[in-house]
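This report concerns only the one structure given below.
Worth saying up front: this structure is predicted, and the values here are computed from it rather than measured.
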Amino acid sequence: MPEDVAGGRPPADASGGRQPEHVAGGRRPEDAAGVRRPEDAAGGRRPEDAAGVRRPEDAAGVRRPEYPTALGASSRKEITLLGHDLAADVMGEVGFGELAFWLATQRRPAPGEVRVFEAVLAALADHGFTPTAIVTRLTYLSAPDSVQGALAAGLLGGGSRFLGVTEDCGRFLHEMIAGRDPLPCDDSGWDALALETVRARRESGLLIPGLGHHVHKDGDPRTPRLFEIAAEEGLFGPHLSLFAAIGRVHPRVLGRTLPLNGAGACGAALADLGLPLELLRGFALLARTAGLIGQLAEELRHPVANEIFLSVDLNNRSVPPEPYPDGGPHG
């Protein structure tokens, strides 16, 4: 048995196991659970923060910073994710949509939440030759060695006109219901709130996020389907309720009927799931990433990017320069 510096055997714990000593030969201190605590160079216990977390130190005893995370962590033999063994508990057991929700909220979603969330991802994945898809294909044409560049180019186009409506609508609806207590409990109550909301926006000269679509003039087919799925799962919450009411009452204020945009409905559904408003556009980009990979896969099989490029390049028309008036573009 090893001895301490005084020549005695190190003391045993309650189970008879030998305990390590500090430099003075005494037993290292332990916490309430019996876990051994490392000491500094002088043999004292290393300081801990308010939560009892040990702070590592360098050779000079200077405390090093720590960066806590509940997400992924790796050791020599394993990888953990959200407190679970990645290989044993996550891979092959958790779908990607469920994992994305889990990563964002750090709570495992219920099956109904997964269904609504994945319906949103499907709704936003791909809409054909939108600017995001075209720029992805053209970037790949220009730099076929940079798939990441092509995907990034498409994602950077997610803004106020494409994909950004998801975040804009979710935020807008949340602002309209924030602080209202109690919230409406039936359609007539939601209609009254929606009427107030639409009138206020009209008087302010502002548009209503999620109202109208440049293609689906007679109704966006994604919207009623998402309403249906959310209702089936008991997740038709206040954001979707207000959005649906806006769809019912806005003709009384605007004098015409506009469709409820599917991307706006997605924002309402994500907000009802309790996802962070600051990340709603991120979920739209997550969905569109899959669509852009599909665009690149099709471009590999049936290229059209070069034709798109040439249709512009071969049909440009030279015109005289047209300088801004005095004072510049804002003068």
Between Leu270 and Phe117, does a side-chain contact (heavy atoms from CB on, under 4.5 Å) hold up when you go through it step by step? CA-CA 7 Å; Leu270 292 175; Phe117 182 67; 3.7 Å; yes
Distance from [X] atom [atom1] to [Y] atom [atom2], nearest 0.5 Å?
| X | Y | atom1 | atom2 | value |
| --- | --- | --- | --- | --- |
| Arg171 | Leu277 | CZ | CG | 6.0 Å |
| Ile208 | Leu258 | CD1 | CG | 8.5 Å |
| Leu280 | Phe283 | CG | CZ | 7.0 Å |
| Leu99 | Leu81 | CG | CG | 6.0 Å |
| Ile79 | Met91 | CD1 | CE | 8.5 Å |
| Leu260 | Leu226 | CG | CG | 11.5 Å |

Of all heavy-atom pairs between [X] and [Y], which one has the smallest distance, and what is that distance?
| X | Y | value |
| --- | --- | --- |
| Gln295 | Ala133 | CD-CB, 3.6 Å |
| Gly158 | Arg281 | O-NH1, 3.6 Å |
| Ala287 | Leu124 | CB-CB, 3.8 Å |
| Val147 | Leu296 | CG1-CD1, 4.0 Å |
| Cys169 | Pro209 | SG-O, 3.6 Å |
| Ala70 | Gln106 | CB-OE1, 3.3 Å |

Cluster check [X], [Y]: I/L/V/M/F/W/Y, side chain < 4.5 angstrom:
| X | Y | value |
| --- | --- | --- |
| Leu285 | Phe101 | no |
| Leu242 | Val198 | yes |
| Leu193 | Phe243 | yes |
| Leu254 | Val165 | no |
| Leu279 | Val116 | yes |

Tell me, yes or no, whether the heavy-atom count around Asp218 atom CG, taken from other residues, nucleotides or ligands under 6.0 Å, exceeds 12.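 No, CG of Asp218 has 12 or fewer neighbouring heavy atoms, counting only those of other groups under 6.0 Å.
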Counting only heavy atoms from other residues, nucleotides and ligands, does the tally under 6.0 Å from CG of Leu207 exceed 12? no
Looking only at atom types and distance, does a side-chain atom of [X] sit under 3.5 Å from a main-chain N or O of [Y], one as donor and one as acceptor?
| X | Y | answer |
| --- | --- | --- |
| Arg222 | Ala123 | yes |
| Thr166 | Ala263 | yes |
| Asp126 | Gly294 | no |
| Arg180 | Met176 | yes |
| Thr136 | Ala150 | yes |
| Arg202 | Val253 | yes |
| Glu78 | Ser75 | no |

Flag side-chain contact, heavy atom, 4.5 Å: [X] against [Y]:
| X | Y | answer |
| --- | --- | --- |
| Leu275 | Thr105 | yes |
| Val90 | Leu82 | no |
| Glu93 | His84 | no |
| Thr223 | His213 | no |

Arg248 and Asp187: CA distance, side-chain angles, deciding distance, side-chain contact (heavy atoms from CB on, under 4.5 Å) verdict: CA-CA 10 Å; Arg248 292 191 295 267; Asp187 283 353; 3.8 Å; yes
Contacts of type salt bridge (Lys or Arg N to Asp or Glu O under 4.0 Å), residue Arg108, not counting sequence neighbours: Glu98
I'd like to know whether Phe172 forms a side-chain contact (heavy atoms from CB on, under 4.5 Å) with Leu211, so could you lay out the CA-CA distance, the side-chain angles of the two residues, the decisive distance to 0.1 Å, and finally the verdict. CA-CA 12 Å; Phe172 164 71; Leu211 186 61; over 6 Å; no
Please test Leu156 against Val135 for side-chain contact (heavy atoms from CB on, under 4.5 Å), starting from the C-alpha separation and ending with a verdict. CA-CA 10 Å; Leu156 289 172; Val135 73; over 6 Å; no
Taking ILVMFWY side chains as joined if any heavy atoms are under 4.5 angstrom apart, and letting links pass through other members, which residues group with Leu141? Phe129, Ile134, Leu138, Val304, Ile308, Phe309, Leu310, Leu314
Tell me which pairs pass salt bridge (Lys or Arg N to Asp or Glu O under 4.0 Å) where either residue lies in residues 136-151, with sequence neighbours left out.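 Every pair satisfying salt bridge (Lys or Arg N to Asp or Glu O under 4.0 Å) with a residue in residues 136-151: Arg137-Glu298, Arg137-Glu299.
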Using 30° and 60° as the class boundaries, would you call the ring planes of His174 and His239 parallel, tilted or perpendicular? parallel
